[in-house]
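This report concerns only the one structure given below.
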Amino acid sequence: MQTRSSGNTQGIDVSRYQGTIDWDKVKASGMTFVFIKATEGQTYTDPNFQTNVTGALAAGILVGTYHFFRATTTDGAKAEAAHYATTLQKVGGAKALQLPPVMDYENNPGNLSKAQINTVAKAFLTELQRLTGVKPIIYTGNSFAGNFDTSLSSYDLWIARYSNTRVPEDQPAWKRWTFWQYTDSGKVNGISGNVDMNEFQGSAAELKAKYATATPKPPEPTNPTNPTEPPKGGEPMTAEEKAAFDALKSQVDKLQARQQMEVPVWAKAAVDAALAYDTKNPLFSIDSGASYDFYRFITVMYRRGLFKK
C-alpha cells in the first residue's frame, strides 16, 4: 500500500481510556479529525461517547464514531448494528456527524473461517447502512485484513500498522488505505497519556469533500445572504415583519412535521436560544419532538446570529 505523505491530514481515535479530553487543545495541536468509540457488542456503550462527540464538535473537529465488532453469527451482527445505530441517535444520528460510522473488526473470538468472517461482516455493514443511511468504513489490523475478500473492496479501509518505516501490506480486498493508524503511543495536547494517531490519505479539504455526501447540508434560509430575521422579542410587529415572521414560521412548521425525534445534543443551544427569543410569539413548540432537518435548520439560524436580542 501507499506510504504516508507530509501533505496528509492528521487525526486521532479515542475511547474512555483517554479520560477527560480538552478538545480545544486537541484542535490547536493540529488534529483535524477524530473517531470516537461508541459501542461494542450488542449492549456496551462507551461511557464517554456523548461527552467526547459534543466536545469534539464544539472544537471544530471532524467527527466519526466506531463500533468494536464481536458477532459470530449474522443475527448477532445485525443486533450489533442495531445497537450501534440506536446509540448514534443520542448525538443526532450518523448523518449529524462529518465522518461515516466504522466497523472495528480486528479479531476472531469465534474461530470463524474466512468465509464466515466475510458473511458476518457483510451482515453488519449492510444492516448498519440500512439503519443509518450512511455507508460505513472498515477498521482492521494489517494481519487481520487478509481475511476480507474482494466483496468488501468498495468499503473504505482504515488500517492499523504501527511503524514509521513499513507500510501496510496489500490485501485481497484493498491495495490502498484511506486512513492509517500508524501508532498507539502518540502524544497530543489536551490528552493525558498515549493516544492512537491516524492519517487520512489527503488534505483536510479532501477529507471534507470525500464524505460531504455522508452528512447532508442543512436547509438554508430562503435568502442566505440576507436571511429573514424574526422580530425582536416583545416589540410590536410591523406588517413587513409579520409577513417575514409568518414565512419563517411556515418553513419551520414544514420541517417540524417530519419524523420526530428528541432534541440532539448538538442542537440544544440553538433550540434554547430560539425558544427564549420571543416568548410572546414563539416560533415553535417541541413538546413532541421535531425532525432532524428542523434541528439542522434552527442550528443554521442560530449560528447566523438570528436569535440574538
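Values below: every heavy atom of this structure, side chains too, minus hydrogens, waters and symmetry copies.
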Query raised in the report: Ion pair present between R166 and E169, side-chain N to carboxylate O less than 4.0 angstrom?
Result: no
Query raised in the report: From E199 CD over to R4 CZ, what is the distance, rounded to the nearest 0.5 angstrom?
Result: 4.5 Å
Requested in this report: Check the pair V91, Q50 against side-chain contact (heavy atoms from CB on, under 4.5 Å), reporting the backbone distance first and the verdict last.
Outcome: CA-CA 7 Å; V91 294; Q50 286 180 261; 4.1 Å; yes
Query raised in the report: Say you draw a straight line from CZ of R16 to CD1 of I36; how long is it, rounded to the nearest 0.5 Å?
Result: 15.5 Å
Query raised in the report: Atom NZ of K208 and atom CZ of F33: how far apart are they, to the nearest 0.5 Å?
Result: 13.0 Å
Requested in this report: Take T72 and V120, measure what side-chain contact (heavy atoms from CB on, under 4.5 Å) needs, and give me the verdict at the end.
Outcome: CA-CA 7 Å; T72 57; V120 295; 5.9 Å; no
Report summary line: Of D13, N198, D104, the one forming a side chain to side chain donor-acceptor pair (under 3.5 Å) with W158 is N198
Query raised in the report: So if you build clusters from Ile, Leu, Val, Met, Phe, Trp, Tyr with side-chain heavy-atom gaps below 4.5 Å, do I117 and L125 land together?
Result: yes
Query raised in the report: Centres of the H67 and F124 rings: under 6.0 Å?
Result: yes
Query raised in the report: Do we see a donor-acceptor contact under 3.5 Å between the side chains of S154 and K135?
Result: yes
Report task. With the side chain counted from C-beta on, respond yes when M1 and K175 share a heavy-atom pair under 4.5 Å apart, and no when they do not. Result -> no
Query - Ring centers of Y105, F148 separated by less than 6.0 Å - result: yes
Query - Distance-only side-chain donor-acceptor flag, S151 / D149, under 3.5 Å - result: yes
Report summary line: Distance col, row L62:CG vs L57:CG, nearest 0.5 angstrom, shows 9.5 Å
Query - Min side-chain heavy-atom separation L128-P101 under 4.5 Å - result: yes
Requested in this report: Show your reasoning for whether side-chain contact (heavy atoms from CB on, under 4.5 Å) applies to D156 and K210.
Outcome: CA-CA 11 Å; D156 288 344; K210 180 174 177 62; 3.0 Å; yes
Query raised in the report: Do the non-hydrogen side-chain atoms of T87 and H83 ever get within less than 4.5 Å of each other?
Result: yes
Query - Minimum side-chain heavy-atom gap T183-D196 below 4.5 Å - result: no
Requested in this report: Please identify each residue that fulfils ring pair (Phe, Tyr, Trp, His ring centres under 6.0 Å) with Y66, with sequence neighbours left out.
Outcome: none
Query raised in the report: Of T54, L88, T39, which meets side-chain contact (heavy atoms from CB on, under 4.5 Å) against F49?
Result: L88
**Report entry** Donor on one side chain, acceptor on other, E80 and Q42, under 3.5 Å
**Finding:** no
Requested in this report: Any chance you could measure I159, atom CD1, to Y139, atom OH, to the nearest 0.5 Å?
Outcome: 9.0 Å
Query raised in the report: Among I137, T140, L152, which one satisfies side-chain contact (heavy atoms from CB on, under 4.5 Å) with L157?
Result: T140
Report task. Kindly indicate whether the side chain of Q116, heavy atoms from C-beta on, has any atom under 4.5 Å from the side chain of T73. Result -> no
**Report entry** Residues K78 and E127 bridged, charged N to O under 4.0 Å
**Finding:** no
Query raised in the report: What distance do Q98 atom CD and I61 atom CD1 have between them, rounded to the nearest 0.5 Å?
Result: 10.0 Å
Query - Pairs flagged by ring-ring contact (aromatic ring centres under 6.0 Å, His included) wherever residues 181-203 is involved - sequence neighbours left out - result: F179-F200
Requested in this report: Treating Ile, Leu, Val, Met, Phe, Trp and Tyr as nodes and any side-chain heavy-atom pair under 4.5 angstrom as an edge, say whether Y44 and M103 lie in one connected cluster.
Outcome: no
**Report entry** Distance-only donor-acceptor check, side chains Y162 and S185, under 3.5 Å
**Finding:** no
